[in-house]
2 protein chains.
Amino acid sequence: MARVSQEHLDARRRQIIDGAIRCFTRNGFHATSMQDVLREVGLSAGAVYRYFSGKEELIGAIVGEAFGTIRGAFEDAAKQDPPPLPDKLLAHVLDTVLNGRVGGGSIEFPRLVLQVWAETLRNEGLATPLREGFADMRVAWGKLVDAYREAGLMPDDVDADAVARTMMALAQGFIAQQALFGDAKVEQLEAGLRALMRMEVPKVS
Amino acid sequence: MARVSQEHLDARRRQIIDGAIRCFTRNGFHATSMQDVLREVGLSAGAVYRYFSGKEELIGAIVGEAFGTIRGAFEDAAKQDPPPLPDKLLAHVLDTVLNGRVGGGSIEFPRLVLQVWAETLRNEGLATPLREGFADMRVAWGKLVDAYREAGLMPDDVDADAVARTMMALAQGFIAQQALFGDAKVEQLEAGLRALMRMEVPKVS
DNA sequence: TTGTCAAGAATGAATGTTCGTTTTAACTTG
DNA sequence: CAAGTTAAAACGAACATTCATTCTTGACAA
């Protein structure tokens with residue numbers, strides 16, 4: 001045997017994924033060639049194909065990691081007790097997402113997310129886990145809304161799922177703005193939502 | 001002369017764009033080949049290349065139309081007087097976007113928008129007009145927030161731009177959900193935002 | 001320790017395919 | 001019939017992937 005250590009194999013795999021993430025974030029999945037990836041990671045074709053059976057599998061691994069990062073951030077936020085108000089909750093999620101490991105941690109990750117969303121539209125094998133994850137997160141966040149109701153912060157007749165979806169839309173929209181314009185600050189979203197929450201709503205509109 | 005009428009030329013161009021939109025919405029810009037587009041529109045290569053100098057220009061035309069649709073919807077909503085409350089305002093924008101002409105009018109358009117966002121990330125020529133349009137819309141919506149303040153619906157010290165960005169993030173997030181999961185209803189976003197606006201916010205959090 | 005060696009890991013040129021685009025020749029029509 | 005329009009074949013370039021080959025590693029015998 002001349003097997004190399006498992007750490008070495010893991011490190012190589014990570015090296016490939018990290019380089020591929022840089023390429024895909026920069027140029028999208030399908031405008032990036034495998035040769036671009038090979039150049040970026042500094043390995044030969046044969047080496048990369050030892051770790052991934054092809055481009056499709058490489059994309060799948062990266063999309064899966066991105067799902068995990070986002071899902072983790074949402075679930076992490078929902079776990080807090082007592083549940084923070086929506087503005088704080090969203091700020092926490094977005095801070096976690098933007099500082100996560102995948103994609104280099106910063107301004108790069110939202111761009112990867114946009115590419116992942118686009119890819120999900122044309123790959124049913126990716127769409128299914130995304131839908132399931134979204135459904136789970138809606139349930140978790142719906143429970144937060146129930147907690148708001150029980151604390152007397154919201155009327156009893158609100159649609160918890162609608163509120164959960166609305167808060168998640170805010171997070172998704174922020175990620176889109178961050179990816180597209182780069183200058184979105186979490187504090188701005190927090191302040192903006194806080195202002196909406198404090199708005200005086202006339203009885204009849 | 002065997003020149004064909006201008007209407008014929010316009011119709012051909014539209015036929016090409018409409019078919020290309022179907023392809024790009026289904027599969028993204030770079031996973032769609034020109035031959036896919038030719039098949040979809042039912043024309044030969046020579047015909048299509050008479051109307052568009054290449055794939056890049058075809059993409060540019062479609063992205064430009066999508067920008068126009070979205071921008072129109074936002075500006076249209078901001079023009080209303082007296083300004084509706086944020087929940088109604090967003091419902092109006094999203095109804096307009098989802099029922100607009102581009103992209104077949106319905107569930108297809110949000111998917112095209114996601115592809116457009118992804119493409120914008122790698123094409124500076126598309127990114128610039130997007131940024132300018134976003135900046136303009138922020139100004140217009142910031143004025144709406146000023147109107148809320150003057151009507152006594154919001155405290156004087158709120159950051160109008162932050163609120164404008166937050167509302168736009170909601171719209172963008174809804175479009176993302178609609179594209180990815182298909183089952184998002186405008187009324188749900190309206191109800192969810194309404195619930196957040198009516199939330200009892202403790203003085204100290 | 002040191003030297004040996006087979007198996008695993010990595011290479012990169014070559015493969016067949018598909019890409020966007022151009023060219024050529026035929027057809028339409030005012 | 002001539003200019004405008006279309007169809008279809010053909011182009012080189014670039015694509016994802018393969019594979020014969022070379023290099024590297026680490027267990028083990030000395």
Side-chain angles (χ1 to χ4, degrees), chain A residues 1-63 115 118-119 122-123 125-126, chain B residues 1-63 115 118-119 122-123 125-126:
Chain A
M1 282 186 289
R3 239 207 134 73
V4 106
S5 73
Q6 185 63 38
E7 294 86 50
H8 174 91
L9 295 175
D10 292 348
R12 272 274 189 272
R13 192 183 152 93
R14 181 112 301 274
Q15 171 187 1
I16 293 167
I17 287 184
D18 287 346
I21 284 178
R22 285 193 295 277
C23 290
F24 293 148
T25 299
R26 198 187 302 133
N27 236 2
F29 292 108
H30 300 285
T32 298
S33 71
M34 282 304 273
Q35 339 226 358
D36 292 335
V37 174
L38 304 182
R39 206 176 304 121
E40 179 78 29
V41 304
L43 288 175
S44 66
V48 169
Y49 276 85
R50 180 167 307 286
Y51 292 87
F52 296 94
S53 72
K55 194 181 186 181
E56 189 105 336
E57 187 175 309
L58 185 52
I59 291 174
I62 290 172
V63 170
Q115 302 292 353
E119 180 63 11
R122 56 176 296 280
N123 187 333
L126 302 180
Chain B
M1 282 186 291
R3 204 184 168 72
V4 104
S5 72
Q6 184 63 38
E7 294 87 49
H8 178 265
L9 295 176
D10 292 347
R12 272 272 189 274
R13 194 183 151 92
R14 181 113 300 273
Q15 171 188 2
I16 293 167
I17 287 184
D18 287 345
I21 285 178
R22 285 193 297 276
C23 289
F24 293 148
T25 299
R26 199 188 302 135
N27 236 2
F29 292 109
H30 300 286
T32 297
S33 70
M34 282 303 272
Q35 340 223 359
D36 292 335
V37 173
L38 302 182
R39 206 176 305 119
E40 179 78 28
V41 304
L43 288 175
S44 67
V48 169
Y49 275 86
R50 180 161 310 285
Y51 292 87
F52 296 93
S53 71
K55 194 182 186 180
E56 188 105 339
E57 187 175 311
L58 184 53
I59 292 174
I62 289 172
V63 170
Q115 301 293 353
E119 179 64 12
R122 55 177 297 281
N123 187 333
L126 302 179

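Per chain, numbering begins at 1; letters A, B, ... match sequence-line order.
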If you compare every side-chain N and O of B/Tyr49 against the phosphate oxygens of C/dT23 (OP1, OP2), does one of them come in below 4.0 Å? no
Whole angstrom value for the distance that separates P of C/dG20 from CZ of B/Arg39: 11 Å
Considering non-hydrogen atoms only, spot the tightest contact between A/Val41 and A/Gln15 and give its length. O-NE2, 3.0 Å
With the side chain counted from C-beta on, respond yes when A/Arg14 and A/Ile17 share a heavy-atom pair under 4.5 Å apart, and no when they do not. yes
Starting the side chain at C-beta, find the nucleotide from D/dA16, C/dA9, C/dG12 nearest to A/His8. C/dA9
Rounded to the nearest 0.5 Å, how far apart are CD of B/Glu40 and CD of B/Gln35? 14.5 Å
Compare the minimum distances between each of C/dA9, D/dA16, C/dA13 and the side chain of A/Tyr51, then state the nucleotide with the smallest one. C/dA9
Grab the CD-P distance between A/Gln6 and C/dG8 for me, whole Å please. 14 Å
Between A/Asp36 and A/Arg39, does at least one N-O distance fall below 4.0 Å, as a salt bridge requires? yes
What's the CZ-C1' distance between A/Phe52 and C/dA10, to the nearest Å? 16 Å
Which of these nucleotides, C/dA10, C/dG20, C/dA9, is closest to any side-chain atom of A/Leu9? C/dA9
Interatomic distance where CG belongs to B/Leu43 and P belongs to D/dA8 [whole Å]: 11 Å
5' priority, DNA chain D, between A/Ser33 and A/Gly46 [closest heavy atom]: A/Ser33
Minimum-distance nucleotide (side-chain atoms of A/Val4 versus C/dT21, C/dA9, C/dA10): C/dA9
In whole angstroms, how far is the P atom of D/dA16 from the NE2 atom of B/His30? 13 Å
Nearest-Å distance, CD (B/Glu56) to P (C/dT21)? 8 Å
Judged by each residue's nearest nucleotide on DNA chain C, which is more toward the 5′ side, A/Ala47 or A/Gln35? A/Ala47
Closest non-hydrogen atom pair between B/Lys55 and B/Phe29, with its separation: NZ-O, 3.1 Å
Describe the nucleic acid contact of B/Ser53 in one word from base, sugar-phosphate, nothing, applying a heavy-atom distance below 4.0 Å. nothing
How close or far is atom P of C/dC19 from atom CZ of B/Phe29, stated in whole angstroms? 17 Å
Starting from P on D/dA8, measure out to CE on B/Met34 and report it in whole angstrom. 17 Å
Report yes if at least one side-chain N or O of B/Arg12 is closer than 4.0 Å to OP1 or OP2 of D/dT6; otherwise report no. yes
Within the pair A/Arg50 and C/dT11, is there a side-chain N or O less than 4.0 Å away from OP1 or OP2? no
